[in-house]
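Here the structure is laid out as structure tokens; the discussion comes afterwards.
Every heavy atom of this structure was used, including side-chain atoms; hydrogens, water molecules and symmetry mates were not. In what follows, every chain begins at residue 1, and chains take the letters A, B, ... in the order their sequences are listed. Note that the coordinates shown come from a computational prediction; the quantities given were computed from them, not determined experimentally.
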There are 2 protein chains.
Amino acid sequence: MLTVTELARQTDTTPHAVRYYTRKGLLQPVRHPENNYRLYKPSEVRWLKFVRQAKALGYTLAEIRAIMLDADKGQSPCPRVREILLKHIEENRRQLEILMSLQKRMEFALKQWADMPDGVPDGHSVCHLIESSTDDKKGELQ
Amino acid sequence: MLTVTELARQTDTTPHAVRYYTRKGLLQPVRHPENNYRLYKPSEVRWLKFVRQAKALGYTLAEIRAIMLDADKGQSPCPRVREILLKHIEENRRQLEILMSLQKRMEFALKQWADMPDGVPDGHSVCHLIESSTDDKKGELQ
DNA sequence: CTACAGCCTATACCTTAGGCACAGGTCAAG
DNA sequence: CTTGACCTGTGCCTAAGGTATAGGCTGTAG
């Protein structure tokens, strides 16, 4: 049986993250009856490595939990795994477009501002730089 | 004097967002002595439009507040505004690289999985799809 | 006159994935 | 015996609001 720190070390995480995953239901340790420490079965190392792998692929903890529940019921989680990946690819594409649009707006403003002097607040203007920026599509910023 | 809903309507926001900005110190309404409603001066419309403009350029509320404090002290906020924009352009570039790397990983996995059958959990594997994914650079995911 | 609908207000809790801080417990070295 | 290092636990904090709940106002229909 492993303590949080031992488990964290074997999976390249922090003890706090291990406790967090536990709170989220991704790990089920037992408690040491004397000091109340979390104690993990050695097989949890494999589970946790799976979690890290899935996270690196963009899966959220809630999605990973759903995948685990599939597996716990003996069902193949693979259909769900494929479906979530497709959704993420779409979402990420949208997010990339938003950030690229923001990047363009910022770089355009930077260029525009290069020739403008600093102004002093005069009561009807806070910062003319920002106020001068054309506000086309804002794009939700997530 | 405007109520939250009137102010929100004139600036294309929601009443809740107006209250949130107020809590964050970006607006300073007085309170109606009878019903405790927030009451905003008509000039706050211009302030709030400035906030929306800055947000569209990627500024955070905390940064906008710092800019306003500059202006309140009679200092030109423009140097700070330029400096923050540069920082954001750098940060956003990093974030874009992270998301593009994730997008590549996801699309690679999708292609790789196309030829793989669904598996049933067998005790030493949760989902071979995810487990088969090569985990090169994860890139922090923000 | 009152019941109800609709709109307004206020506060409080929820979100992600942990980071950070604090208080207490255990162990070996000095 | 005490000190320091290391471990544990819990609880608060994040950005920018969304959503839910509870209460107050007015207009109208019965």
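Partners of B:Arg82 by salt bridge (Lys or Arg N to Asp or Glu O under 4.0 Å), not counting sequence neighbours, listed by chain and number: A:Asp118. With sequence neighbours excluded, no residue forms a ring pair (Phe, Tyr, Trp, His ring centres under 6.0 Å) with A:His128. Residues passing the side chain to side chain donor-acceptor pair (under 3.5 Å) test with B:Asp115: none are found, sequence neighbours excluded. Applying the salt bridge (Lys or Arg N to Asp or Glu O under 4.0 Å) rule to B:Arg38 yields no partners; only residues at least two apart in sequence or on another chain are considered. Judged as a side chain to side chain donor-acceptor pair (under 3.5 Å), and not counting sequence neighbours, A:His16 has no contacts. Not a single salt bridge (Lys or Arg N to Asp or Glu O under 4.0 Å) links B:Arg94 to another residue, sequence neighbours left out.
Two residues are said to be in side-chain contact when any heavy atoms from C-beta on lie closer than 4.5 Å; A:Tyr40 and A:Leu48 fail this criterion. Contact check for B:Cys78 versus A:Leu129: side-chain heavy atoms found under the 4.5 Å cut-off.
Distances shorter than 4.0 Å separate none of the side-chain N or O atoms of A:Thr60 from OP1 or OP2 on C:dT16.
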Problem - Canonical and wobble pairing (Watson-Crick, G-U, under 3.5 Å) of DNA chain C, dot-bracket with | - result: ||||||||||||||||||||||||||||||

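Among residues at least two apart or in separate chains, there is no ring-ring contact (aromatic ring centres under 6.0 Å, His included) pair with a member in residues 61-86 of chain B. Judged as a salt bridge (charged side-chain N to carboxylate O under 4.0 Å, His left out), not a single pair has a partner in residues 24-35 of chain A (not counting sequence neighbours).
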Name every donor-acceptor pair, under 3.5 Å, that has one atom in a side chain of residues 84-92 of chain A and the other anywhere in the protein, sequence neighbours excluded.
| unit_1 | atom_1 | unit_2 | atom_2 | d |
| --- | --- | --- | --- | --- |
| A:Lys87 | NZ | A:Glu63 | OE2 | 3.3 |
| A:His88 | ND1 | A:Gly58 | O | 3.2 |
| A:His88 | NE2 | A:Glu63 | OE1 | 3.1 |
| A:His88 | NE2 | A:Glu63 | OE2 | 3.0 |
| A:Asn92 | ND2 | B:Leu99 | O | 3.1 |
| A:Asn92 | ND2 | B:Gln103 | OE1 | 2.7 |

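For DNA chain D, the contact window with chain A, defined by any atom under 4.0 Å from a protein heavy atom, covers D:dC7 to D:dG11 in 5' to 3' order.
Rounded to an integer number of Å, the gap from A:Ile64 CD1 to C:dT16 C1' is 12 Å. Put simply, OH on B:Tyr37 is 11 Å from P on C:dC8, counting in whole angstrom units. In this structure, the OH atom of B:Tyr40 is 15 Å from the P atom of C:dC8, given to the nearest Å. Across the protein-nucleic acid pair, B:His16 atom NE2 and C:dC7 atom C1' stand 18 Å apart, rounded to whole Å.
B:Arg65 comes within contact range of no nucleotide atom at all, as no heavy-atom separation falls under 4.0 Å.
Listed by residue number, the members of residues 19-35 of chain B with any heavy atom below 4.0 angstrom from DNA chain C are B:Arg19, B:Arg31.
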